[in-house]
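Here the structure comes first, spelled out in structure tokens, and everything after it is commentary.
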Amino acid sequence: MAYLKNFGVILVGIVACVGLSPVAPELMNPYLFSILMYAGINITLAVSLNLVNGLTGQFSMGHAGFMAVGGYVSAFLTTEYLSKMNPGLPAGLNEIVLFAAALYAGGLASAALGYLVGLPSLRLKGDYLAIVTLGFGEIIRVLILNIDAVGGARGMPGIPKWTNFGWVYAIAFISIITVRRIMASRHGRALLAVREDEIAAEATGVNTTRYKVTAFVIGAFFAGVSGGLFAHFLTYLNPQTFDFNRSFEIIIMVVLGGMGSTTGAVVAALFLTALRELLRPLQEITRLDFRMVIYSLMLVILMLTRPNGFFGTKELSDFGPFRRFKRDALKDAAAADAPAEGARG
Amino acid sequence: MSAPLLEFRDVNVHYGAIHALKGISFSVEQGKILALVGANGAGKSTTLRAASGMLPISKGGVYFEGRKIDGTRADRLVSMGISHAPEGRGIFANMTVEENLTLGAFLRKDKSAIAPDLERVFELFPRLKERIWQNAGTLSGGEQQMLAIGRALMARPKILLLDEPSLGLAPQIIEKIFEIIVKVNETGTTVLLVEQNALLALEVAHYALVLETGKVVAQGPSRKLLESEEIRKAYLGD
């Protein structure tokens, strides 16, 4: 039952996002709409990076690299093959199936790469891991810069504009639910144990390498999918988009939201995406581009006043009226576990 | 006589160029407490880490119930029955006492037996029960050490490896912890105890090893070692 209820929540969420899809662009001007779309893509990026950096405690700085891989793989598939294909489904459905396949392929490619990079590098800790992942992100960017089939430095134009509001927010929603479900399980507790004390985690029987790599791979998958969303929204890809500044942006969202808080990652992704745009009118007054200076200053002030980020390690379910839901969720989890254990013996 | 529960045969460990254990051999009998004593850097903790699979050994062999276990992953060893309470307690500070303890049973398949075991740990450490919802980081040093031992016990180990359980604790608390170690041993759990406080360790242990710069320099029933003039001079400050 609990399983069905969760499935129901996911279904309702996705249907709501898709249902809003044709309405959303009508409600606001195109500029506002594009900000909303980038914010949604950033939510997926921040939530998935939070799984690695915040919840598992492995400081990765290569998220833009995974995003690039997913973006390029899915964009290459759609422009070269999928947009010319016709599986013979009704008109609207064609595009949906093909886009889903392309996004999935991008995510998988990114996850596979995450596995390859993660397996050797997650033996490293702290600063060393950060540097290795930073280097990895740059390698990806330079490699793409030199692959002529995807346009190299000229970039990759003519990607079909398949991303819409429904895709972006449905996927953001799925990423949030995925991370929440993981964290509510014993696997989630193992990830937290790795973050808290790796030696102690190992001593209690957690296969730390496996859990770190798994978190890394799941993070890479969602980064790849959001890369695909990004590519099919902008309809143009350029390797410069995925430089380390992009990785830092996502890290800032995670840190500002609170390392280890999914709620924080979502709020910070929305807030920071909006803030950069809200500061734009300032430029017209000052006649100089102080926008990024002010943006950075605000980050400094925010971190000084709230060193643990907006939410620390807390979630929405830890606050006032929302607490009830958490208790229900715990009860559900217990109820779901009990019969399953009996069956296992 | 049956095979010893845990056996080290000529075990060597290197940290890079440093030769930390230089051929250590000993065995721990089922149901006993074995103490490893010695000064800083003698290789006591290294021996424990080699036993729990956290360090690769460079030569020799570690045997558990007659099976060679060196090179086996640490999490496998936990499910085989080797539980390690690492030095400096190593508790999960941002998790509650209960979460810490249930993580101790992470690998167990017999989920229905976990709740009674939790009760047993609370019987040993009533203080932990009072603080069940508290974050482990807010516990006192002694309580954290209790939690580390309790968590290790939650894996239902055949052998419990304790690394410096007295570290940084008040004498009164240390006494309590050692009383509990004896109690745990009386219920059938074998204990391998590393301790700088040699006098205390020798008092509770059945058998003891004295390590010095990676070698065993003396061993025997702990009562004999307590009586030995040399040992008293070197390690007990007489």
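Residue numbering restarts at 1 for every chain, and letters A, B, ... go by the order of the sequence lines.
- Contact count versus chain B (heavy atoms, under 4.5 Å) is highest, among A:Leu192, A:Ile199, A:Val206, for A:Val206.
- With a 4.5 angstrom heavy-atom cutoff, B:Ile82 does not touch chain A via any of its atoms.
- At a 4.5 Å heavy-atom cutoff, the contact between B:Ala93 and chain A is made by backbone and side-chain atoms alike.
- Side-chain contact of A:Thr208 with A:Glu202: a donor-acceptor pair under 3.5 Å is absent, judged by distance alone.
- A side-chain N or O of B:Ser58 and one of B:His14 form a donor-acceptor pair less than 3.5 Å apart.
- The six-membered or imidazole ring of B:Phe64 lies away from that of B:Phe8, with a centre-to-centre distance of 6.0 Å or more.
- Of the residues listed (A:Phe222, A:Phe136, A:Tyr115), the one engaging A:Phe66 in a ring pair (Phe, Tyr, Trp, His ring centres under 6.0 Å) is A:Phe136, and it is the only one.
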